[in-house]
Amino acid sequence: MQKLQGIAVSPGVAMGEALVMDNEGFRIPRRFVARDAVEHELERLDEAIHAAGAEIERNRAAVFRELGDQYAAVFSAHLQMLRDPALRNELDAMIRERHYSPEYAVSRALRRYAKVFQTIESSYLAERANDVIDIEKRLLRNLLGRRREELAHLISPVTVLAHNLTPSETANLDREFVRGFATEIGGPGSHTALVAEGLEIPAVVGVGPFLTDVSGGDLVIIDGDHGLVILQPDEETIAHYRYEAEQHKNRAAQLATLRELPAETADKVHIELLGNIEFPHEVEHCLERGAEGIGLYRTEFLYLGAEAEPDEEVHYQAYAKVMEQMQGKPVVIRSCDLGAEKLTFDSEAARNPTLGLRSIRLSLKNLPTFRTQLRAVLRASVLGDLRLMFPLITTQLELRQAKMVLADVMEDLDEAGVPFNDNLPVGMMAETPAAVLLSDRFLEEVDFMSIGTNDLTQYTLAADRSNKEVAGLYSSSDPAVLRLIRMAVETAGRLGKPINVCGQMSGNTLYTILLLGLGLRRLSVTPGSIPEVKKICRTVTIPQCESVAEHVMSLENSRDIKSYLREELKKILPELVP
Amino acid sequence: MAETATRTVTVNNPAGLHARPAELFVKTAGQFEAKIEVIKNGQRVDGKSILNILTLAAVQGTELSLEATGPDAHQALDALSELFARDFDENGTVKS
């Protein structure tokens with residue numbers, strides 16, 4: 001058994017056979033082969049070794065011609081590894097006696113060697129691990145050929161283990177079969193993490209290198225509550241997690257009974273609980289948990305999931321679907337929040353993407369794309385209580401420009417006789433310190449504000465949440481971030497404008513008491529968190545929350561704040577302590 | 001009854017028995033009929049398997065026993081210890 005610590009990004013526990021994706025996205029399957037297919041499989045292995053050998057020969061010859069014998073020697077070593085008699089005996093035995101598929105046998109045998117080499121202290125020798133992995137890939141490529149299986153076409157339940165998953169790969173995971181995933185890189189709040197939450201599958205990221213320790217088909221546990229990945233779990237661990245899963249189910253059943261009950265504090269103050277969604281199908285998740293609306297509809301996936309830029313109709317269909325399902329309940333659509341690096345391959349843009357051309361800045365530079373989205377939003381505005389929100393507003397000029405474009409699009413629609421709500425409520429995200437510091441001015445010009453704690457934290461603390469080296473600095477409960485939140489809430493209260501918190505902080509049960517204590521009465525959370533957050537709301541009183549918040553604001557650092565909040569939550573609802 | 005011969009050698013080249021020397025070793029061993037094994041501190045591996053030899057992690061200064069069993073055992077060990085004696089041609093005296 002091997003326990004690896006990563007970063008928990010989406011709660012729950014998944015247990016199942018591993019599907020390992022290497023850097024090139026190859027799937028390494030375990031397939032037992034039928035007894036009467038053994039000879040055929042051995043022939044396939046022969047062919048693959050032969051073909052891989054021919055490839056290496058060609059490389060060797062080319063390098064020899066260009067650089068000479070010294071450099072070509074490494075390929076001779078590769079060839080010998082490939083044709084190693086001891087390896088071949090091992091592979092034959094695995095296929096003949098254990099009925100492993102050649103793919104699985106290859107990956108298992110070579111990864112074992114790679115692991116041995118990695119533990120060697122001499123760096124010169126340890127590098128041989130890469131040679132072995134190179135050979136493994138070469139063989140797998142030859143074995144799998146065109147039969148390479150795609151993540152989107154699974155036929156049995158798996159846990160996905162990968163170096164990295166892009167947001168669109170994550171979005172395209174087959175929800176029926178993917179039980180959970182874990183990646184070597186990535187941090188909390190990365191887009192991949194958000195998508196995992198949206199899909200409601202347990203996920204752990206930033207585990208560090210571990211893929212060489214696991215082969216397709218191994219039993220793996222992904223503990224998305226504690227950020228653990230457990231390889232080859234022992235019986236006791238498996239039993240423990242089975243028990244936990246059972247408990248979790250019971251708790252979920254209990255929480256489901258809260259659905260029809262109002263989100264009200266014990267002293268009868270109403271708290272508006274809204275859902276954050278990414279895909280139209282998540283509306284269901286919200287409704288079945290009694291959300292009063294959609295507080296944040298992220299629209300990035302219209303851009304990321306597709307091959308081409310989405311046209312107005314694609315936007316409209318998605319929005320219309322959400323509006324129809326919500327039947328008059330409020331829906332806040334956020335305009336595109338992507339970075340330029342996600343849309344183009346412009347390396348200039350990618351140099352410092354979080355401080356670069358992204359989000360509303362990108363929209364304002366890219367007016368035709370922005371206008372397309374706004375047209376669709378406006379057309380959908382007649383289908384219910386739709387509100388529009390601009391992300392990453394930093395200066396008043398930006399806000400005014402965005403509103404001007406909106407007014408312009410309205411005029412066009414008006415001329416074309418297309419109906420829309422000309423009183424469309426317009427709000428903005430407060431996710432830069434600048435937006436909060438000037439919130440009094442901004443609130444004069446918008447109908448509502450929503451605090452995006454993920455970006456606000458990142459910009460306040462100048463720490464990239466997906467960079468493992470500095471992810472420790474990134475904490476939404478840092479006193480500086482909390483002061484900004486309090487400032488925005490107080491300003492909105494003074495000006496009588498609605499304000500809420502979206503972002504991961506609002507869905508974390510650890511912070512519910514604090515957020516209520518800071519004066520928030522609207523929370524937009526991951527649908528999965530609604531029942532737990534509601535449970536907390538129904539248990540506490542506002543004065544109680546206020547005194548907790550007051551104490552929190554006197555604490556020095558996020559660690560103390562978190563442990564204090566954990567203690568406070570433990571006192572009232574120990575089972576909800578994350 | 002097959003003949004068994006044993007010889008002790010030391011790895012002298014600075015990078016140890018890494019890919020290229022290991023390749024040379026295995027290639028040489030493969031020319032003989034005898035079964036060849038390499039032993040480091042009791043760890044015994046197949047001398048005709050480069051992967052096995054690399055797992056020995058034989059860095060500079062490592063002492064290895066070579067054991068050959070078969071009709072040409074002695075010739076095999078002569079050829080193999082010759083490789084160690086000339087440091088696999090790696091100590092600045094690269095053979096052209």
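Quick note on labels: first sequence line is chain A, next is B, and so on, each numbered from 1.
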Separation of B/Ser49 OG from A/Glu90 CD (nearest 0.5 Å): 8.0 Å
Rounded distance [0.5 Å steps], NZ in B/Lys27 versus OG in A/Ser76: 5.5 Å
Euclidean distance, A/Ile135 CD1 relative to B/Leu51 CG, rounded to 0.5 Å: 7.0 Å
Spacing of B/Lys48 atom NZ and A/Gln80 atom CD [to the nearest 0.5 Å]: 12.5 Å
4.5 Å side-chain heavy-atom contact, A/Met81 and B/Leu54: yes
A/Asp234, CG: over 12 other non-hydrogen atoms inside 6.0 angstrom: yes
Pairwise distance CG(A/Asp131) to NE2(B/His18) - rounded to 0.5 angstrom: 11.0 Å
Other residues, nucleotides, ligands: >12 heavy atoms within 6.0 Å of B/Gln31 CD: yes
Heavy-atom pair with the smallest gap, counting every atom of A/Tyr113 and B/Thr55: CD2-CG2, 3.7 Å
B/Lys40, NZ atom: more than 12 neighbouring heavy atoms under 6.0 Å: yes
A/Phe210 atom CZ, over 12 foreign heavy atoms within 6.0 Å: yes
More than 12 heavy atoms from other groups under 6.0 Å of CD on B/Glu33: no
Heavy-atom pair of closest approach, residues B/Ile50 and A/Asp84: N-OD2, 2.8 Å
Over all atoms of both residues, closest heavy-atom pair of B/Asn52 and A/Ala86: ND2-CB, 3.5 Å
